[in-house]
Amino acid sequence: MPARPVPRLSVVIPCLYEGALIRPALQALQPRRAGGCELLLVDGGSRDGSAQLAADLVDRLLLSGAGRAWQMNAGASLASGEILWFLHLDSEIPTDAPELIRSALARSGRGWGRFDIRLSGNRRSLRLVAGMMNLRSRLSGIATGDQGMFVRRDWFQSLGGYAEIPLMEDIEFSRRCKRRGRPVCIGRPLVTSSRRWERDGVWRTVALMW
C-alpha cells in the first residue's frame, strides 16, 4: 500500500518594522524551508527596509495594510499548504516543529492547535508567567499568537479566517475554533522573545494583556 503523502505546511509570518531582526530570524527558518515548508512573509507597510531584506529568504513576500489579522489573512489566501502555521517573527522554534505539528494533528484527529511557550529572558518571573500562560491555555482551550497557532487550511477557510479587528484577533479566532473542538497542545515550547516584557515590566504587561 503506497504511503500517504506528507501534508505540506505553510508558515505565515506577519511583520512590521523588524529590519534589525528579520534576516537572522528568517535565516534560522531556512532548514525548514529546505525541508519542504512554504515560507510567506506579509509586511504591513514597514519603511525600514524589512521587506527588501526578506526578499531572498521567503517563498512569497506580500505587502498589506498594517494589522496582524489583515496580514495573516493575506498570507493564508495565497498559501499552498494543507496546514497553516501562524508564527511571530521573534519566535525560536524546535528543530522538528513541522513534524511535531503534522504528527499532533494526525494523531489527535483535531483541526487546530498550538505550542507551549517559554519566554527568552532569565528572570524567574518570566518563567512563572510562561507557565501560567500555558496552564491557562490548556484549561481554557484558548490560544494566543505567541503560542504559534496552527490550523488545517480547510478549517481556516470554513471559519472565514481571522476577524479583521485591530486587537485580540487570536483570541477571537481561538473561540471560534474551540466551538468545533479543543486545540491539540504541543508541550515542546516555542521560545518567545521577552523584549516587550523586559521593556514594559513583567507584571505591568500581564495587567495590560488582561
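Heads up: numbering here begins at 1 and tracks the sequence.
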Handout entry: Residue pairs involving residues 56-77 (criterion salt bridge (charged side-chain N to carboxylate O under 4.0 Å, His left out); sequence neighbours excluded)
Key =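 Residue pairs passing salt bridge (charged side-chain N to carboxylate O under 4.0 Å, His left out), neighbours aside: Arg23-Asp56, Arg33-Asp59.
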
Problem - salt bridge (charged side-chain N to carboxylate O under 4.0 Å, His left out): pairs with one or both residues in residues 105-116, sequence neighbours excluded - result: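 Listed once each, the pairs are Arg114-Asp116, Asp116-Arg138.
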
Practice task
Give a yes or no on whether the ring-centroid distance for Phe86 and Phe173 is below 6.0 angstrom.
Solution key: no

Looking at residues at least two apart in the chain, or sitting in another chain, which of them share a side chain to side chain donor-acceptor pair (under 3.5 Å) with [X]?
X      : answer
Glu164 : Trp70, Asn73
Ser158 : Arg180
Ser50  : Asp48
Arg188 : Asp96

Got a second to check how far [X]'s [atom1] is from [Y]'s [atom2], nearest 0.5 Å?
X      : Y      : atom1 : atom2 : result
Ile101 : Ile186 : CD1   : CD1   : 5.5 Å
Arg179 : Leu159 : CZ    : CG    : 9.0 Å
Ile13  : His88  : CD1   : NE2   : 10.0 Å
Ser193 : Glu92  : OG    : CD    : 8.5 Å
Ser77  : Gln157 : OG    : CD    : 9.5 Å
Ser120 : Leu126 : OG    : CG    : 7.5 Å

Minimum heavy-atom distance between [X] and [Y], given as atom pair plus value:
X      : Y      : result
Gln30  : Leu57  : NE2-O, 2.9 Å
Val11  : Cys37  : CG2-CB, 4.5 Å
Ala54  : Leu26  : CB-CD1, 3.5 Å
Asp43  : Gln71  : C-NE2, 3.9 Å
Ser174 : Met149 : OG-CE, 3.5 Å
Leu41  : Cys15  : CD1-CB, 4.0 Å

Is there a donor-acceptor pair under 3.5 Å between the side chain of [X] and the backbone N or O of [Y]?
X      : Y      : value
Asp170 : Thr144 : no
Ser103 : Leu100 : no
Gln147 : Ala143 : no
Ser10  : Gly81  : yes
Trp85  : Gly148 : yes
Trp112 : Phe156 : no

So if you build clusters from Ile, Leu, Val, Met, Phe, Trp, Tyr with side-chain heavy-atom gaps below 4.5 Å, do [X] and [Y] land together?
X      : Y      : answer
Val58  : Leu62  : no
Leu39  : Leu9   : yes
Met72  : Leu84  : yes
Val42  : Leu78  : yes
Ile171 : Leu167 : yes

Taking only residues two or more places apart in sequence, or in another chain, which ones meet [X] in a side chain to side chain contact (heavy atoms under 4.5 Å, CB included)?
X     : value
Gln52 : none
Glu82 : Pro7, Arg8
Leu21 : Glu18, Ala25, Leu89, Asp90, Arg195

Quick check: do [X] and [Y] have side-chain heavy atoms less than 4.5 Å from each other?
X      : Y      : result
Arg118 : Leu190 : no
Ile83  : Arg153 : no
Phe150 : Val184 : yes
Leu87  : Val12  : no

Handout entry: Fellow cluster residues of Leu16, listed by chain then number, with links counted only when side-chain atoms sit under 4.5 Å apart
Key =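 Its cluster mates, by chain and number, are Tyr17.
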
Problem - Hydrophobic cluster (4.5 angstrom, side-chain heavy atoms) - remaining members for Leu135 - result: Leu139

Practice task
Determine whether the side chains of Asn134 and Ser137 contain a donor N or O and an acceptor N or O closer than 3.5 Å.
Solution key: no

Exercise for the section: Would you kindly say whether Glu38 and Ser80 are connected by a side-chain donor-acceptor distance under 3.5 Å? Expected result: yes

Problem - For Arg127, all residues meeting salt bridge (Lys or Arg N to Asp or Glu O under 4.0 Å), sequence neighbours excluded - result: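 For Arg127 there are no salt bridge (Lys or Arg N to Asp or Glu O under 4.0 Å) partners, ignoring immediate neighbours.
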
